[in-house]
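Working notes, beginning with the structure itself.
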Amino acid sequence: MINITLPDGSVHQHESGITALEIALGISEGLARNVLAAKVNDEIWDATRPITSDSRVKLYTWSDTEGKAAMWHSSAHLMAAAVEILYPGAKFGIGPNIENGFYYDIDLGDRVITDADFPVIEAKMKELAKQKLGFVRKEVSKAEALKHFEDKGDEYKLELISELEDGTITFYQTENFVDLCRGPHMPNTAFLKAFKILSVAGAYWRGDEKRKQLTRLYGITFPKAKDLTEYLELLEEAKKRDHRKLGKELELFAFSQRVGQGLPLWLPKGTQLRELLENYLKKVQRKAGYQQVMCPHIGNVELYKTSGHYQKYGEDSFKPIQTPVEGEEFFLKPMNCPHHCEIYKVSPKSYKDLPLRLAEFGTVYRYEQSGELHGLTRVRGFTQDDAHIFCTPDQLKDEFKGVIKIVMQIFKALDFKEFITQISLRDPNNKEKYIGSDEVWEKSERAIIEVDQEEGLNGVVEYGEAAFYGPKMDFMVKDALGRKWQLGTIQVDYNLPERFELEYVGSDNEKHRPVMIHRAPFGSMERFVAVLIEHCAGNFPLWLTPNQIMILPISEKYQKYAEKVLNLLNNSDLRARIDERSEKTGRKIRDAEMQKTPYMLIVGEKEELDGSVSIRRHGEGDLGSMQIDEFIKMLNNEIAELIAE
RNA sequence: GCCGAUAUAGCUCAGUUGGUAGAGCAGCUGAUUUGUAAUCAGCCGGUCGGCGGUUCGAGUCCGUCUAUCGGCUCCA
């Protein structure tokens, strides 16, 4: 007999060899039908795996992340089983569950799968699932495992097995499909009711672009058809927030094939939005002791040789441009830091000059591979809200914290509540990718980790994500479809000051080397605007909306009064326009609503007589009427609250 | 860059087995002078992404280039 402890603390005696599924059955049949996996002590197990010693057991169902994981992982096997039947000779790479669904990487030889094949695969999956197939676990020796896949001729599995230790290898079998797999899996396939192959894509074997590209099939499954419908509707909703769609509809930005890919054109409304953001940040920075500077868009190749960027990125940059007579070489500016270092060097510095905070909305140009470009989030020409802080080593942590404060202030003003703080350190196994000594790197990384702890940010450490010259703290936000984008970044750099031989004279009258902080709270204006659009679905905070108010005269007779209202609003720094078309009020309202204009002011005879406006708020409807000055006061209060510090 | 898909009017989209392009919205003109999500009528608008090929004939089939979309790789 063994003792099983359930999460509520109750202890039950069972025969050795009992399974989590059987324990569930002892509680209720309904529960047993829904158990997908179980936590046995600290490991996640198949619910059908015999438990042979005293254990703590927690059951997982569809409502648990772990339950979904087991189900989607099992679904990946099911999909592979279907593919193996439909396309004999297919070889398999890896097939994990992901945040929403699962994928499998498959080598189909010369066969090409397109979305036309999806229904066939879905149908086969459904057919198999109905048969209530199990996922049979089997422990195998390394020799057995290798023999199995040698016989099958699957070099991908052989490679994976060769890296495993004998005695730790397990197979799972579903019908005829046998897979190398650690598990856990759901008890059987009958729980799966809805199947969707979402997309097909190429993916390099083991993420290495020098190796073969396999076909990756993405899919998702659900226990009810209704869940799938809801999920697909959610995806449709997300697409409506897509900044590329809204940017077009709201006339914020555009691209032109003739101008070139990845080179955004900012339209008047988008430019206005961007300038409002810039002015806001400039004001915040001015208060925080920053000074604005400006630099040209090109720089001599020597500048980037000094900084080390040439050696690191020279081959992957836009080719240098040359002067026709002298043959001098210039790079399009890919970053602002080297220029700012040269600004630092213009005059000798004393410790009394530090910290020196140089800020620039610097437009930079980077060669990005064509397949990587994406709306405004990944472009070839963009403007960083850049600044470089030159300080003494003693000042580093306080300066770093000062930057965090600015980032948080911005996120708060724009209502970004959900973001991930990431501590990007270098890859300890791949140090040659980075410049600078171990000592300097350790010092920088320690500083960031300490700041993270002292500020209670709970940053997630990611190795191999550092810049080549120093570690970073990055702030990541998700787009409408859940893809993560880096916005704000703060980087510690001991290397550039070294390479540029930056110095200051300390109170000891000796020369010292300053430390540098690179930072961009927005990241880039392009990416920030993109994520902002998706975040608020185009309903910008009032202070940022290009056109805050649309005045809608009932007819031409009230044009004069509308103009009077417009003047009053403009004089109070509110951005308003008049819809002068000879359309019905219903039509004007509809168009203003579609443009997501926050306030609509309807003016007619009644309003003209008593100096009021009839107010309609976007998405809310009629708010009744108000005196003009009262309305102005209300809006100014609303704006002041939004950007309060 | 790689794998797959897509490209028709300013926008959203139709266009059968190859037979000389169509709708709605937008725009322009006129009428209408309007009270909380689409007033009516007329008109304008297209090298069917570019180039090349097959064919008596190509928006439709083939090749190639460009751009876009979904991934992979990359991201100073």
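The chains referred to below are lettered A, B, ... by the order of the sequence lines, with proteins before strands, and numbering in each begins at 1.
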Exercise for review: Under 4.0 Å between any heavy atoms, over every strand shown, what does A/H374 touch: base, sugar-phosphate, or nothing? Just pick one.
Suggested key: sugar-phosphate
Exercise for review: Could you tell me whether A/R244 contacts a base, only the sugar-phosphate backbone, or nothing, with contacts defined as non-hydrogen atoms closer than 4.0 Å?
Suggested key: sugar-phosphate
Point to revise | Distance, C1' atom - from B/rG19 to B/rU32, rounded to whole angstrom | key: 46 Å
Exercise for review: Please state the P separation for the pair B/rU68 and B/rG53 - nearest whole angstrom.
Suggested key: 28 Å
Practice item. Output, in order, the C-alpha distance, side-chain angles, deciding distance and verdict of side chain to side chain contact (heavy atoms under 4.5 Å, CB included) for A/D386 and A/M335. Key: CA-CA 9 Å; A/D386 211 356; A/M335 80 292 301; 5.8 Å; no
Check your understanding: Say you pick atom C1' in B/rC51 and the same atom in B/rA14; how far apart are they, in whole Å?
Key -> 27 Å
Check your understanding: For nucleotides 3-13 of chain B, read 5' to 3', which letter fits each nucleotide if B means a protein heavy atom sits under 4.0 Å from the base, S means only the sugar-phosphate is that close, and - means neither?
Key -> BSS------S-
Study note, to complete from the structure: When rounded to whole Å, the CD to P distance for the pair A/E580 and B/rU32 reads 19 Å
**Study point:** Shortest side-chain distance from A/R590, nucleotide among B/rG1, B/rA37, B/rU36
**Key:** B/rA37
Just the atom pairs and distances: protein N or O near nucleotides 60-65 of chain B's N or O, under 3.5 Å.
none

**Study point:** B/rA37 versus B/rC61 - spacing of their P atoms, nearest Å
**Key:** 46 Å
Practice item. Working to the nearest 0.5 Å, report the span between CD1 of A/I551 and CD of A/E607. Key: 12.0 Å
**Study point:** A/Q595-A/N547 side chain donor-acceptor pair, cut-off 3.5 Å
**Key:** no
Review point. Hey, is CD on A/E315 packed in by over 12 heavy atoms from elsewhere, all under 6.0 Å?
Key: no
Practice item. Scan side-chain atoms only and decide if A/Q422 and A/S424 contain a donor-acceptor pair under the 3.5 Å cut-off. Key: yes
Exercise for review: Would you mind telling me which of A/K91, A/K212, A/R211 makes a salt bridge (charged side-chain N to carboxylate O under 4.0 Å, His left out) with A/E155?
Suggested key: A/K91
Practice item. Looking at every strand, decide which applies to A/F255 at a 4.0 Å heavy-atom threshold: base, sugar-phosphate, or nothing. Key: nothing
Review point. Do the side chain of A/R258 and the base of B/rA67 come within less than 3.5 angstrom through a donor-acceptor pair of N or O atoms?
Key: no
Exercise for review: Looking at every strand, decide which applies to A/E583 at a 4.0 Å heavy-atom threshold: base, sugar-phosphate, or nothing.
Suggested key: base
Review point. Does the base of B/rG1 carry an N or O that pairs as donor and acceptor with the side chain of A/Y204 under 3.5 Å?
Key: yes
**Study point:** A/F331 ring center near A/H309 ring center (under 6.0 Å)
**Key:** no
Check your understanding: Relative to each other, are the rings of A/Y469 and A/H518 parallel, tilted or perpendicular (30° and 60° limits)?
Key -> parallel
Check your understanding: For A/E607, which contact category applies under a 4.0 Å heavy-atom criterion: base, sugar-phosphate, or nothing?
Key -> base
Check your understanding: Counting any heavy atom closer than 4.0 Å, what does A/G621 reach on the DNA or RNA strands: base, sugar-phosphate only, or nothing?
Key -> nothing
Exercise for review: Taking only the side-chain nitrogens and oxygens of A/S370, find out if one of them lies under 4.0 Å from OP1 or OP2 of B/rG1.
Suggested key: yes
Practice item. Would you mind classifying the nucleic acid contact of A/E605 as base, sugar-phosphate or nothing, using non-hydrogen atoms under 4.0 angstrom? Key: base
Review point. What interatomic distance, in whole Å, is found between C1' of B/rG24 and the corresponding atom of B/rU17?
Key: 29 Å
**Study point:** Distance, P atom - from B/rC28 to B/rU20, rounded to whole angstrom
**Key:** 34 Å
**Study point:** Spacing of A/F253 atom CZ relative to B/rU68 atom P, expressed in whole Å
**Key:** 13 Å
Review point. Touch check for A/R216, heavy atoms < 4.0 angstrom, all strands: base, sugar-phosphate only, or nothing?
Key: sugar-phosphate
Revision key, fill the gap. Nearest heavy-atom contact between A/V603 and A/A562 is CG2-CB, 4.1 Å
Point to revise | Neighbour count above 12 (heavy atom, 6.0 Å) for A/R513 CZ | key: yes
Point to revise | Any N/O donor-acceptor pair, A/R587 side-chain to B/rA38 base, under 3.5 Å | key: no
Check your understanding: Looking at A/Y156, A/W205, A/Y104, which one forms a ring-ring contact (aromatic ring centres under 6.0 Å, His included) with A/F92?
Key -> A/Y104
Review point. Just by distance, with hydrogens left out, do A/S614 and A/S625 show a side-chain donor and acceptor under 3.5 Å apart?
Key: no
Review point. RNA chain B: A/I554 or A/E368, which has the more 5' nearest nucleotide?
Key: A/I554
Exercise for review: Using a heavy-atom cut-off of under 4.0 Å over every strand shown, decide if A/S307 touches base, sugar-phosphate, or nothing.
Suggested key: nothing
Practice item. Measure from the ring center of A/Y365 to the ring center of A/F318 and say whether it is less than 6.0 Å. Key: no
Practice item. Look at all strands and tell whether A/Y103 reaches a base, only sugar-phosphate, or nothing, counting heavy atoms closer than 4.0 Å. Key: nothing
Practice item. Find which nucleotide of RNA chain B each of A/E465 and A/R380 is nearest to by heavy atoms, and output the residue with the more 5' nucleotide. Key: A/R380
Practice item. Please state how far atom OH in A/Y469 lies from atom P in B/rC75, giving the value in whole angstrom units. Key: 13 Å
Review point. Can you tell which of B/rG35, B/rG71, B/rC75 lies closest to the side chain of A/Y313?
Key: B/rC75
Exercise for review: Under 4.0 Å between any heavy atoms, over every strand shown, what does A/K584 touch: base, sugar-phosphate, or nothing? Just pick one.
Suggested key: base
Check your understanding: Distance between the C1' atoms of B/rU60 and B/rG49, in whole angstroms?
Key -> 16 Å
Check your understanding: What nucleotide among B/rA76, B/rG71, B/rU33 has an atom nearest to a side-chain atom of A/S582?
Key -> B/rU33
Check your understanding: Across the strands shown, which category fits A/K557 at heavy-atom distances under 4.0 angstrom: base, sugar-phosphate, nothing?
Key -> sugar-phosphate
Study note, to complete from the structure: Rounded to whole Å, CG of A/L250 lies from P of B/rA26 at a distance of 17 Å
Revision key, fill the gap. Of the candidates B/rG70, B/rU36, B/rA76, the side chain of A/S199 sits closest to B/rG70
Check your understanding: Atom NZ of A/K212 to atom P of B/rC2: distance rounded to whole Å?
Key -> 16 Å
Revision key, fill the gap. When every non-hydrogen atom of A/R617 is compared with those of A/E638, the smallest separation belongs to NH1-OE2, 3.0 Å
Check your understanding: Can you find a donor-acceptor N/O pair under 3.5 angstrom joining the side chain of A/E556 to the base of B/rU34?
Key -> no
Exercise for review: Select base, sugar-phosphate, or nothing to describe what A/R483 touches, counting heavy atoms under 4.0 Å on all strands.
Suggested key: sugar-phosphate
Practice item. Please evaluate the base of B/rC72 for a donor-acceptor partner in the side chain of A/R206 within a cut-off of under 3.5 Å? Key: no
Practice item. Would you indicate whether A/K564, at its atom NZ, is surrounded by more than 12 heavy atoms from other residues, nucleotides or ligands within a distance under 6.0 Å? Key: no
Revision key, fill the gap. Dot-bracket for RNA chain B, 5' to 3', Watson-Crick and G-U pairs with both distances under 3.5 Å, [ ] for crossing pairs, | for partner on another strand, reads (((((((..((((.....[..)))).(((((.......))))).....(((((..]....))))))))))))....
Practice item. Classify the side chain of A/Q369 and the base of B/rU73 as holding, or not holding, a donor-acceptor pair under 3.5 Å. Key: yes
Practice item. Using a 4.0 Å heavy-atom cut-off across all strands, classify A/G586 as base, sugar-phosphate, or nothing. Key: sugar-phosphate
Point to revise | Donor/acceptor link under 3.5 angstrom from A/T585 side chain onto base of B/rU36 | key: no
Check your understanding: Would a line drawn from the ring center of A/Y313 to the ring center of A/F468 be shorter than 6.0 Å?
Key -> yes
Exercise for review: Could you tell me the separation between the CZ atom of A/R378 and the P atom of B/rA67, rounded to a whole number of Å?
Suggested key: 16 Å
